[in-house]
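Heads up: the structure comes next, in structure tokens.
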Protein chains: 2
Amino acid sequence: MSNAAVSEHQPIPRMKSEDRRELILEAATGVFGQYGYYGATTDQIARAAGVSQPYVVRMFGTKERLFIEVIERALVFILRSFRAVLAEGDQDLRARLGSAYVELLRQRGLLLSLMHSFVLGGDPVIGPRARQGFLEVYAFLRDEAGFGPDDANRFLEGGMLLNTLVGLRMSDEFETSDAANEMLCAALPQKLDLLLELGKSQQADA
Amino acid sequence: MSNAAVSEHQPIPRMKSEDRRELILEAATGVFGQYGYYGATTDQIARAAGVSQPYVVRMFGTKERLFIEVIERALVFILRSFRAVLAEGDQDLRARLGSAYVELLRQRGLLLSLMHSFVLGGDPVIGPRARQGFLEVYAFLRDEAGFGPDDANRFLEGGMLLNTLVGLRMSDEFETSDAANEMLCAALPQKLDLLLELGKSQQADA
DNA sequence: GTCTATATGCGGATAGAC
DNA sequence: GTCTATCCGCATATAGAC
């Protein structure tokens with residue numbers, strides 16, 4: 001048995017700070033997405049990332065700074081994804097952006113972490129970042145995607161309802177409630193299968 | 001100096017359990033609306049209600065039960081308000097229901113407490129209640145208001161964006177950001193003045 | 001009905017070893 | 001780069017007086 005095998009068993013898997021950082025941000029995104037800023041603990045995040053709790057704090061300074069990094073990273077993903085859609089053409093832009101947004105659900109907790117930040121607008125440090133993030137998306141829709149105020153609004157409305165339904169885990173009721181079923185079908189023209197699939201996998205985790 | 005004056009100074013203002021209960025629920029609604037379930041403390045709620053922290057816990061058993069009562073009470077207000085609109089006629093139903101919804105912002109934290117519950121769908125006790133509440137509103141729109149699936153969906157989309165903008169305190173940016181200004185105007189056809197007014201008063205509190 | 005005092009547990013953060 | 005041990009503060013909840 002090689003040394004490599006031994007250090008896999010008692011893992012002190014050193015890696016570059018940058019990589020570890022990304023790993024923790026991903027884990028934190030999932031945990032914050034589920035429990036929100038206050039509800040999530042640095043210990044949960046650490047376990048999800050496979051590192052020790054003090055290490056998480058050490059790397060990001062405070063839980064608050066970690067949360068800020070999580071939501072700023074989430075925003076980067078959203079805008080990157082939207083710009084990729086834009087680069088592919090102008091046909092059906094609204095539908096394709098909507099589709100891209102739903103696809104972001106694959107990154108667990110990404111949209112929900114943001115959603116949690118949106119309802120903490122009163123917080124003196126989270127609030128301003130959250131507003132800025134939201135406004136950046138709005139600016140993208142207006143200036144880059146060329147939406148008018150009404151179209152931009154419509155798009156955001158749909159996005160916020162989607163976030164809410166995901167946060168609610170409404171997909172859990174898909175089979176048990178006709179109303180839930182109907183609502184989900186109306187809210188997600190396509191992509192319903194993705195939502196249900198992700199819903200099941202996260203039920204399995206928990 | 002009379003005894004009455006003394007007991008005003010050291011106030012032990014006994015009141016009926018029911019009244020005190022309502023007072024605390026109101027205070028809790030405001031605090032939960034601002035900080036969410038995990039972020040709010042029973043002590044903040046107690047101070048907002050003008051009672052001691054242990055009394056709050058004593059009266060509701062646990063913080064969790066208090067939160068559940070807050071969101072169920074919020075739902076009662078929403079449905080009561082919607083049914084009142086319905087009783088006044090069928091003209092312009094969508095707009096009038098929307099308007100009634102915005103008016104509920106007057107009850108501080110009512111819509112936001114619900115919103116916070118919506119993003120905690122993974123919680124084993126909050127989640128089911130939150131889903132049920134959301135589905136009750138949907139059922140109202142479909143069965144009582146006579147909306148079709150698409151109209152119901154549209155209505156909920158608008159509601160969720162409103163909740164989000166309020167949670168974000170986007171009205172804080174009304175004067176400083178053109179984008180925020182435009183967005184708010186598009187999101188609230190009428191009633192923008194109400195939002196701005198409430199925004200100012202809550203800035204004053206904090 | 002309401003308070004004061006307090007027990008208890010948990011979570012964020014720090015110190016320091018390896 | 002990463003861990004273990006631990007401190008400290010805060011928040012929920014309990015006990016019991018008035």
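We find that NZ of B:Lys16 is positioned 14 Å from C1' of C:dG1, with the value rounded to whole Å. To the nearest angstrom, C1' of D:dT6 lies 14 Å from CG of A:Asp43. Remark: C1' of C:dG1 and CD of B:Glu18 are 13 Å apart, rounded to the nearest angstrom. Taking atom CZ on A:Arg21 and atom C1' on D:dT2, their separation rounds to 16 Å, with Å as the unit. As rounded to whole Å, 12 Å separates atom C1' of D:dC10 from atom CZ of B:Arg47. Between B:Phe67 atom CZ and D:dT12 atom C1' the separation is 17 Å, expressed in whole Å.
The phosphate of D:dT2 (OP1 or OP2) has a side-chain N or O of A:Arg20 nearer than 4.0 angstrom. Within the 4.0 Å cut-off from OP1 or OP2 of D:dT2, not a single side-chain nitrogen or oxygen of A:Ser52 is found.
Below 30°, between 30° and 60°, or above 60°: for A:Phe82 and A:Phe140 the angle between ring planes is between 30° and 60°, a tilted geometry.
In this structure, B:Arg80 satisfies the cation-pi test against B:Phe77, with its NZ or CZ atom closer than 6.0 Å to the six-membered ring centre and inside 45 degrees of the ring normal.
Among residue pairs with one or both ends in residues 194-206 of chain A, those qualifying as salt bridge (Lys or Arg N to Asp or Glu O under 4.0 Å) are A:Arg108-A:Asp205; sequence neighbours excluded.
Listed by residue number, the members of residues 54-66 of chain A with any heavy atom below 4.0 angstrom from DNA chain D are A:Pro54, A:Tyr55.
For B:Ser117 (side chain) and B:Leu114 (main-chain N/O), a donor-acceptor pair under 3.5 Å exists by modelled atom type.
Residue-to-nucleotide proximity on DNA chain C shows that, of B:Ser17 and B:Gln53, the 5′-proximal contact is made by B:Ser17. The residue among B:Tyr37 and A:Met15 whose nearest nucleotide of DNA chain D is located toward the 5' end is A:Met15.
At a threshold of 4.0 angstrom between heavy atoms, the contacts of B:Ala46 with the nucleic acid are absent.
Here B:Tyr37 contributes atom OH and B:Lys63 contributes atom NZ; the two are 5.5 Å apart, rounded to the nearest 0.5 Å.
For the pair A:Leu110 and A:Ala74, the tightest heavy-atom approach, listed with the atom from each and the gap, is CG-CB, 3.7 Å. For the residue pair B:Ala187 and B:Pro189, the shortest heavy atom distance occurs at O-CD, 3.2 Å.
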